Amino acid sequence: MILSWRISKEGFNPSSIELDGSRFLIANGYMGYRGTLEEFGKNELVACTVAGVYDRYDDKWRELVNVPNGLFVKVYYNNTLLSPMTFQDCAHIYGLDLKDAYYFRNTKFFVDKEKWIRIKTKRFASSTDYHLLCLEYSITANFDCEIEIETGIDCDIWEINGPHFKEMTFQNLDGIYVTHLITNEGKNLVVAETADHLVNFIDEECLRLYVRKSKVKLARDKEFKFYKYMCVTHSLEFENSFDEAIKRIIEAKNLGFDSLFEKHRSKWQERWSICDISIDGDEKATLALRFSMYHLLSIAPYHSEKLSIPARGLSGQMYKGAIFWDTEIFMLPFFSYTLPDVARNIVMYRVHTLDGARRKAKEYGYEGAFYAWESQETGDDACSLFNVTDVITQRPIRTYFRDKQIHISGDVVYGFFTYYNATGDFSIFLEGAAEAVFECAKFYYSYAYYKPLKDRFEILDVTGPDEYHERINNNAYTNRIAKFTFEKAIWLYDILKEKYPNILQEIDSKTCIFQYIEKIKETEQKIFLQKPNEEGIIEQFDGYLKLEDIEVEKLKEKMLHPYEYLGGGNGLATQTQVIKQADVVVLLNLFESEYEKEILKANWEYYNRRTEHGSTLSYSMYGLLAAKLGKLKDAYEYFLKTALIDLEGNYKQYVGNLYIGGTHPAANGGAWMAAVFGFGGIRSEETKVEIEPHLPTHWKSLKFNLTIHGNLFEFEISNNKILIKSTRLKDSKYKTYRIVANKREFIHKIGQLLEINLKGE
Ligand code: IFM
């Protein structure tokens with residue numbers, strides 16, 4: 001059923017447990033709790049994943065930890081568990097309210113002829129105290145009966161590369177259950193839980209399950225309700241995580257569910273008042289966008305600049321909970337233009353992990369900073385050299401993601417400037433981002449080869465965004481992002497020299513930038529960029545156009561196994577022009593203004609036919625460019641694909657033997673970009689905003705808000721006019737903006753209403 005703020009499903013299908021767990025996630029940036037039922041356990045992939053707390057067990061992959069489930073509840077009638085898993089005859093509906101950010105379920109069990117017992121729950125990850133998860137549990141029967149409730153903490157945890165807790169102890173403090181956990185790496189975590197309004201307990205401690213059992217008499221049609229609060233704290237944040245957890249759980253209990261929920265709700269209202277997008281004429285697209293933004297808003301690091309957003313959000317331990325280029329290139333635009341404070345945290349994470357990037361550069365014998373392909377809390381690279389296992393031979397495949405996807409350093413720099421362009425906030429550069437930009441420029445300088453006969457610098461032996469072609473030379477995207485890094489390093493150098501000489505001096509003491517700047521300038525001038533050929537095609541890398549040109553579907557017919565990896569040394573795609581994901585098309589989106597429309601079009605068409613979209617990052621880039629080009633049918637199809645990824649669950653769950661399910665925040669961010677930058681046609685540069693809309697024909701209007709340089713803009717775009725309202729936020733120093741639409745320029749004063757007629761004057 002679709003209502004524009006709610007997604008729900010009816011009935012129970014065991015095969016959708018896994019996807020629903022991701023789809024119906026609740027989270028608050030501190031932790032994520034999967035959309036599973038209260039009676040579920042580790043086999044149903046219940047997980048409460050804590051942001052920024054990583055651990056390694058033995059020689060397995062280091063990943064985020066999942067903590068015990070303090071929201072666990074089982075209800076029995078006549079010794080039978082009331083769960084759609086075990087109980088055939090039931091009516092079950094569950095889902096998410098996106099507006100108020102809570103999960104709900106409503107299950108009616110027909111226990112005997114006309115007799116039924118109904119379980120209704122509602123839970124949320126508090127947006128005002130990030131340590132809290134709150135659950136309301138209500139039971140009603142249409143006959144007098146007795147039920148048994150079992151609730152407490154389930155410490156039998158779903159872990160991909162665990163076990164992560166070398167110690168786990170349990171305490172009962174006057175009805176507050178507390179588990180104290182110590183990770184293999186020695187971090188302390190506390191999970192405290194309490195269940196309010198339940199009496200007559202018998203405490204029970206079974207293996208890894210701490211529960212109270214309580215018998216409750218239900219009077220006919222009279223609702224029985226109880227509340228559970230779960231609090232998570234850890235030693236990366238508090239000296240005494242135990243006391244903090246107890247304090248918070250007591251506070252939660254005293255405040256009660258309703259007032260906690262009210263606070264949570266108003267925080268989300270505040271967020272939506274800025275972020276919401278609505279489309280008149282397309283309810284499905286509106287819902288898909290809201291769903292995408294709900295996920296982004298749930299997992300954002302509101303409370304810390306030492307956290308970013310992992311590739312699978314907080315939906316579990318997939319991809320090691322690591323942060324990839326996904327964040328800077330796909331998610332950051334959304335945050336920069338809606339919640340700049342959160343965007344600032346995201347960019348500052350890269351400043352805090354600069355030392356890890358320096359270590360990686362050094363490890364490979366380069367200068368400067370080579371950011372981690374898979375970054376965790378220190379910035380050291382969690383990516384392994386054998387990241388995929390061949391499903392046919394069961395042998396590990398040597399992948400060159402870690403060593404050769406050097407575009408990551410430029411992506412980080414690009415991210416700093418996405419934030420800066422949207423906000424005008426130069427302070428990030430003074431607080432470490434300039435140092436990071438210089439270090440990235442040094443890295444590319446040391447990686448590049450000077451070819452004297454050609455008098456140019458080339459970047460050899462890399463892997464571009466298309467991971468199926470590894471160790472190639474002069475990847476178009478990589479070379480351009482390296483040049484961008486040089487350009488920005490030079491720009492920053494000049495500004496610092498003029499305005500902040502002391503800071504530049506200080507940065508020089510850590511980077512020796514004075515010694516490097518001339519070399520960086522020379523490399524910037526002479527770096528080789530792939531240029532369009534006679535047909536207008538930009539070769540993805542040297543020799544790409546000479547590879548076998550085979551259709552994607554034809555290539556796939558040759559596969560021996562559905563999860564077979566197409567890249568790597570023996571991959572089917574390696575010797576062909578079939579690519580995994582947008583590569584040149586990313587380049588064209590990021591540097592669109594440097595290319596003629598015909599070139600953009602020719603390349604979109606050429607690469608579109610050869611792209612497998614084996615990564616969920618791909619659709620949005622094709623959708624975005626298609627929208628900018630006014631290719632509305634293709635744009636709309638790709639937009640829906642990216643926006644519906646987690647709703648429809650149409651994506652690869654495995655690569656080789658590797659489980660890569662979970663949520664897809666990069667696709668969510670891409671959906672936002674396709675709507676705002678693509679269909680809305682917004683481009684902003686300092687205080688100039690260009691608007692070149694291309695709305696799908698069935699859209700009557702598209703409404704969204706953007707914060708640009710500290711002011712809030714409300715856009716309403718329809719086929720014949722654009723309405724712009726603006727409000728001054730905080731203490732923005734900008735009072736007027738140049739708006740360019742329909743080849744005309746308008747001066748817009750903050751606070752005034754601007755109406756632009758698109759049909760004529
Ligand atoms: O960052 C991506 C990469 O581009 C393709 N493989 C998955 C990664 C995480 O989303």
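Note that this is a predicted model, so its numbers are computed, not measured. FYI, side chains are in, hydrogens and waters are out, and symmetry mates aren't considered; it's all heavy atoms of this structure. We count ligands from 1, going down the list as the structure has it; atoms in each ligand are counted the same way.
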Exercise for the section: Answer yes or no for Q581: is there a heavy-atom contact with ligand 1 below 4.0 Å? Expected result: yes
Practice task
Would you check whether Q405 reaches within less than 4.0 Å of ligand 1, judged by its heavy atoms?
Solution key: no
Practice task
Using a strict 4.0 Å threshold on nitrogen-to-oxygen distance, state whether E377 and R62 make a salt bridge.
Solution key: yes
Handout entry: Any side-chain heavy-atom pair of E159 and Y57 under 4.5 Å
Key = no
Problem - Enumerated ligand 1 atoms positioned under 4.0 Å from heavy atoms of K580 - result: 5 (C), 6 (N)
Practice task
Examine Y364 together with F443 and report whether their ring centres are nearer than 6.0 Å.
Solution key: no
Problem - Atom indices of ligand 1, in the order listed, that fall short of 4.0 Å to a heavy atom of F324 - result: 1 (O), 8 (C), 9 (C)
Problem - ring pair (Phe, Tyr, Trp, His ring centres under 6.0 Å) partners for Y337, two or more places apart - result: F677
Practice task
Ignoring angles and geometry beyond distance, decide whether D326 reaches within less than 3.5 Å of ligand 1 through its nitrogen or oxygen atoms.
Solution key: yes
Problem - F370-Y447 aromatic ring centre distance below 6.0 Å - result: no
Exercise for the section: Starting from atom 4 (O) of ligand 1, locate the nearest protein heavy atom and write down its residue, its atom name and how far away it is, to 0.1 Å. Expected result: W325 NE1, 2.9 Å
Practice task
Show which atoms of ligand 1 fall inside a sub-4.0 Å distance from at least one heavy-atom site of L617.
Solution key: 1 (O), 2 (C), 4 (O), 10 (O)
Handout entry: ligand 1 atoms in contact with A311 (distance to a heavy atom under 4.0 Å)
Key = 9 (C), 10 (O)
Handout entry: Ring centers of Y366, Y444 separated by less than 6.0 Å
Key = no
Practice task
Flag the pair R344 and D341 as a salt bridge only when some basic side-chain nitrogen lies within less than 4.0 angstrom of an acidic carboxylate oxygen.
Solution key: no
Handout entry: Distance filter under 4.0 Å to Y319 heavy atoms, resulting ligand 1 atoms
Key = 6 (N), 7 (C)
Problem - Nearest-contact summary for atom 3 (C) of ligand 1 - protein heavy atom, Å - result: E467 OE2, 3.5 Å
